[in-house]
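Read the structure below first, then the notes.
These values consider heavy atoms only, across backbone and side chains, with no hydrogens, waters or symmetry-generated copies. Throughout, a chain's letter reflects where its sequence line sits, starting with A, and its residues are numbered from 1.
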Number of protein chains: 2
Amino acid sequence: MAAQKKDAFDTEDIKLAAFAKALAHPARIAIMKKLAEQNVCICGEIVDVIPLAQATVSQHLKELKNAGLIQGTIEGVTSCYCINTKAVEGFDKLLTKLFKKLDKCC
Amino acid sequence: MAAQKKDAFDTEDIKLAAFAKALAHPARIAIMKKLAEQNVCICGEIVDVIPLAQATVSQHLKELKNAGLIQGTIEGVTSCYCINTKAVEGFDKLLTKLFKKLDKCC
DNA sequence: ATTGTATATCGTAAATATACGATATATTAA
DNA sequence: TTAATATATCGTATATTTACGATATACAAT
């Protein structure tokens, strides 16, 4: 029985694609790196490092947050972001699984 | 000396984002998986497995090709695609580097 | 109370992505 | 040669993304 045309995508593929989409912009990669470097959650120094307007950076932060890759909490007048390790691990897991498949091939 | 605002993104971040973008759609994840499963390069059976019109699948294939993740060659009336292992390895390398950073944090 | 600062959100313009039917192209089969 | 088949490309509609300035919000400092 060969693989048949389905009427929808696998949930796993959708999840992985969503994670990939979250990283599909250099600004968001740079944000993740910055958050990792800082080790502890940092706030809007991110804006100072990303070559985009404050509003745009805020938008990118929101997208990473929506994807679950980062968390944000308000601390007084500032906003603190940090990496959501759990989610990143989930992402890593899905990717490793994919790459393992890819390695077996060709 | 703190990190300063740059006028552009890191080349590496741009590269990684482009790879991520290539996988930022469930159809393209599914295509990669299918190509990996088939082990050898396969042709348009992909169309039979992806829940999208032939033209749309062709478009997604083109994007994966443009990103360098797959290669395509014409074999008579059919078209054969296969995974570009070199590129996938490059992607994996960049990602591993990123995730290593992320793991150190929080 | 007023001012300043950090950040999010709004409104919006422009670019890109997604999807599909229709069509073009190229090869094989009859 | 003609017909059938596989696939790419075109044209196009719609949705989403990206970016920015302007504005709102909310706290801190004066």
Go through A:Gln54 and A:Ser58 one step at a time and tell me if the side-chain contact (heavy atoms from CB on, under 4.5 Å) criterion holds. CA-CA 6 Å; A:Gln54 178 265 321; A:Ser58 189; 4.2 Å; yes
Could you go step by step and tell me if A:Lys65 and A:Asn84 meet the side-chain contact (heavy atoms from CB on, under 4.5 Å) rule? CA-CA 9 Å; A:Lys65 205 172 157 190; A:Asn84 183 349; over 6 Å; no
Stepwise, does the side-chain contact (heavy atoms from CB on, under 4.5 Å) test hold for A:Leu98 with A:Leu94? CA-CA 6 Å; A:Leu98 175 64; A:Leu94 286 174; over 6 Å; no
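The separation between A:Lys65 atom NZ and C:dT7 atom P is 13 Å, rounded to whole Å. At whole-Å resolution of the value, CG in B:Leu64 and P in C:dA17 are 13 Å apart.
Other residues, nucleotides and ligands place no more than 12 heavy atoms under 6.0 Å from the CD1 atom of B:Ile74.
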Give each protein N/O atom lying under 3.5 Å from an N/O atom of nucleotides 18-20 of chain C, with the pair distance.
| unit_1 | atom_1 | unit_2 | atom_2 | d |
| --- | --- | --- | --- | --- |
| C:dT18 | OP2 | B:Arg28 | NH1 | 3.0 |
| C:dT18 | OP2 | B:Glu63 | OE1 | 3.4 |
| C:dA19 | OP1 | B:His25 | NE2 | 3.3 |
| C:dA19 | OP2 | B:His25 | NE2 | 3.1 |
| C:dA19 | OP2 | B:His60 | NE2 | 2.7 |
| C:dA19 | N7 | B:Gln59 | NE2 | 3.2 |
| C:dC20 | OP2 | B:Ala53 | N | 3.0 |
| C:dC20 | OP2 | B:Thr56 | OG1 | 3.2 |
| C:dC20 | N4 | B:Gln59 | OE1 | 3.4 |

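Residues A:Leu69 and A:Leu23 meet the side-chain proximity criterion, which asks for heavy atoms closer than 4.5 Å. Between A:Leu95 and A:Leu16, the closest side-chain pair of non-hydrogen atoms falls below 4.5 Å.
Residue pairs satisfying the side-chain hydrogen bond (donor to acceptor under 3.5 Å, both in side chains) criterion with at least one member in residues 15-29 of chain B, sequence neighbours excluded, are listed as follows: B:Arg28-B:His60, B:Arg28-B:Glu63. Residue pairs meeting the salt bridge (Lys or Arg N to Asp or Glu O under 4.0 Å) criterion with at least one partner in residues 74-92 of chain A, sequence neighbours excluded, do not occur; the list is empty.
In the region residues 71-79 of chain B, proximity to DNA chain D at under 4.0 angstrom, judged on heavy atoms, holds for B:Val77, B:Thr78, B:Ser79.
Under the 4.5 Å side-chain heavy-atom criterion for grouping Ile, Leu, Val, Met, Phe, Trp and Tyr, A:Ile14 is connected to B:Ile50 within one hydrophobic cluster.
Scanning for side chain to side chain donor-acceptor pair (under 3.5 Å) contacts around A:Lys33 gives B:Glu12, B:Asp13, with sequence neighbours left out.
Nucleotides of DNA chain D that come within less than 4.0 Å of any heavy atom of chain B span, from the 5' end to the 3' end, D:dT5 to D:dT9.
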